[in-house]
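Keep in mind that what you see is a predicted model, and the values were worked out from it rather than measured. Residues take their numbers from the sequence shown, with the count starting at 1.
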Amino acid sequence: MSFFRELAHQYIDGEWLTGSGSWDIIDFNPYNGEKLAAVTVATALEVDRAYRAAERAQQKWAAVNPYERRAVLERALDITLERTDAIAEAITDELGGTRSRSRYEIEAAAEFLREAVRQALRPSGRLLPAVGDGRENRLYRLPVGVVGIISAFNFPFLVAMKSVAPALALGNAVVLKPHQNAPVVGGGLIAKIFEDAGLPAGLLNVVITDSAEIGDAFIEHPVPKVISFTGSDRVGRHIAATAAGGFKRTILELSGNSALVVLEDADVEYAVQAAVFSRFLYQGQVSMAANRILLDRSVAAEFTERFTAEVAALKAGDPRDPETRIGPVINAFQADALDALVERAVADGATALVRGRTVGNVVAPTVLTGLAEDSPLLTQEILGPVALLLTFDGEEEAVRIVNEGPYGLSGAVHTRDAERGVKFAQRIVSGMFHVNDSTVQDDPQVAFGGEKTSGVGRLNGEAVVEAFTTQRWMSIQHGRSVFPF
């Protein structure tokens, strides 16, 4: 566990430090309970030091030639690819990710690093017409300055890299606060990659702590101009309100309750494959996961038979076993909450077509059907391997069901007529919707984000340039203006 002990530290202004808090965050392996590391929490003092270091370093970084910034990102990409095996092992140990899921995250993160390499050269100025004679309008796109990033536990390496890499590429400095269940994969590991890539000290800082220690100091601090947060809508709501008090921009990637819809003309066998992946990737601990699977009544029997057979065959257990598809959920609290959720649903009249057992933190898949229309499960996010099957009669009813509830993150529809699928998708209130594919999609060049309480703002591609830069208008009068007084 030397890998974890080495990286389970605060990283501030280019130094690996011990926090000055009075308690430790214990990093556990969620499968076997092994203690990976203990991290003494950062206090508000370390948060301030990190932000001040970032503020100092950013002023020089913004003036660096974009090609030099690009070179650092290229080296970070090379290092990530070279260390794929070690990173995959860390994801399995810290997060309970299966081998295939760990590789999936690393490959996705590498694609975002490749996009960040291109983004280093992307911002450009514009010349715009002026109303007055002899005047020139220039519009500059500049880094915002310092970005505060609060990451999630479920895909921490990828989620953090989605904001860290482009923010740095665009000339900003970063202070990263990883989730306390992923302090190494979502924090120290990323700091080490960029340190070894030659990123100057102070441009990327990692503070491992908890709101119980620092309160709102990470959000309220006067230095960061943008807060990028990935997590629950409950916490996101608080961050948005707090940041607004300091006139900070927020990028919020929040909870979801996505639906995968199977129309009567769908390729049922393929739709089953997409649904299994969409619901059970990383034990269902994905905001884009298909919580609800909606079936046209004409194909419901065939789909249900195929789907339950596939789900029942998913092997749950040790994530290091290459045959395992369902590893542990992140902690015992989550495992207990999922058990209680299923028991309550069955008590309220739902039928468990597949009822998985829970052993330790390994929660085997469950498939529920027959839920009441007013069941709270239908409108909440379920971060775990529990699938809900619903039937509908015709597209109108399907659209109504999909749009019910507070969330609007992702979704998918399956039909043999792709243009019919597009028309269906256009009626859904959602930041993302996919035709004949899974609900879990994240392409580096396409705007990513949600509607309703699933988020504010977008990441990826041109959207991330908008997120982490600002525009400055500069006019030049080459002649003489005529003033009204």
So, taking the atom named [atom1] in [X] and the one named [atom2] in [Y], what distance separates them when rounded to the nearest 0.5 Å?
X      : Y      : atom1 : atom2 : answer
Leu199 : Leu204 : CG    : CG    : 6.5 Å
Ile25  : Gln180 : CD1   : CD    : 4.5 Å
Leu95  : Phe153 : CG    : CZ    : 8.5 Å
Thr84  : Glu107 : OG1   : CD    : 8.0 Å
Phe468 : Ile251 : CZ    : CD1   : 6.5 Å
Asn154 : Tyr282 : CG    : OH    : 7.0 Å

Will you find, in the side chains of [X] and [Y], an N or O donor that is under 3.5 Å from an N or O acceptor?
X      : Y      : answer
Ser163 : Ser228 : yes
Thr43  : Glu46  : yes
Glu213 : Trp23  : yes
Thr324 : Thr98  : no

Within residues 73-83 or reaching into it, pairs that qualify as side-chain hydrogen bond (donor to acceptor under 3.5 Å, both in side chains) - sequence neighbours excluded: Arg83-Asp196

Decide, yes or no, whether a salt bridge links [X] with [Y] under the criterion of side-chain N to carboxylate O below 4.0 Å.
X      : Y      : answer
Asp48  : Arg52  : yes
Asp339 : Arg344 : no
Glu115 : Arg122 : yes
Arg320 : Asp93  : yes
Arg458 : Glu451 : yes

Do the side chain of [X] and the main chain of [Y] share a donor and acceptor less than 3.5 angstrom apart?
X      : Y      : answer
Lys315 : Pro322 : no
Asn205 : Asp13  : yes
Arg249 : Val144 : no
Thr242 : Ile239 : no
Asn291 : Leu388 : no
Ser151 : Val159 : no
Thr40  : Asp24  : no
Asp27  : Ala37  : no
Arg69  : Ala169 : yes
Trp61  : Gly202 : no

Measure the shortest side-chain to side-chain distance between [X] and [Y] over non-hydrogen atoms and say whether it is less than 4.5 angstrom.
X      : Y      : result
Val413 : Ile428 : no
Leu170 : Pro143 : no
Phe229 : Leu254 : yes
Asn331 : Phe28  : no
Arg355 : Glu343 : yes
Lys162 : Asp442 : yes
Leu281 : Met288 : no
Pro406 : Thr379 : yes

On a heavy-atom basis, which atom in [X] and which in [Y] lie closest, and how many Å separate them?
X      : Y      : result
Ser255 : Ser232 : OG-CA, 3.3 Å
Pro178 : Leu176 : CD-O, 3.5 Å
Pro30  : Gly96  : CG-N, 3.5 Å
Val386 : Phe280 : N-CE2, 4.3 Å
Leu368 : Ala345 : CD1-CB, 3.8 Å
Pro166 : Met161 : CD-O, 3.5 Å

side-chain contact (heavy atoms from CB on, under 4.5 Å) with Pro319: which of Pro328, Ser100, Ser102? Pro328

Result for side-chain contact (heavy atoms from CB on, under 4.5 Å) between Lys177 and one of Val206, Ile149, Val207, Ile208 points to Val207

For side-chain contact (heavy atoms from CB on, under 4.5 Å), just list the numbers for Leu17 and Arg49, CA-CA rounded to whole Å, side-chain angles, deciding distance to a tenth of an Å, and then say yes or no. CA-CA 12 Å; Leu17 306 170; Arg49 287 183 59 192; 3.9 Å; yes

Give me the ring orientation class for His9 and Trp16: parallel if the planes are under 30° apart, tilted from 30 to 60°, perpendicular past 60°. perpendicular

Using 30° and 60° as the class boundaries, would you call the ring planes of Phe155 and Tyr104 parallel, tilted or perpendicular? perpendicular

Carefully, step by step, assess Glu466 and Arg141 under the rule salt bridge (charged side-chain N to carboxylate O under 4.0 Å, His left out). CA-CA 9 Å; Glu466 291 289 338; Arg141 186 170 285 282; 3.0 Å; yes

Checking Arg118 against Gln445 for the side-chain contact (heavy atoms from CB on, under 4.5 Å) test, could you report, in this order, the C-alpha distance in whole Å, the side-chain angles of both residues, the deciding distance, and whether it holds? CA-CA 10 Å; Arg118 294 188 286 269; Gln445 75 279 10; 5.8 Å; no

Dump the intermediate steps for side-chain contact (heavy atoms from CB on, under 4.5 Å) on Phe218 and Thr209, then the final yes or no. CA-CA 10 Å; Phe218 192 91; Thr209 188; 6.0 Å; no

I'd like to know whether Asn172 forms a side-chain contact (heavy atoms from CB on, under 4.5 Å) with Val226, so could you lay out the CA-CA distance, the side-chain angles of the two residues, the decisive distance to 0.1 Å, and finally the verdict. CA-CA 10 Å; Asn172 301 287; Val226 175; over 6 Å; no

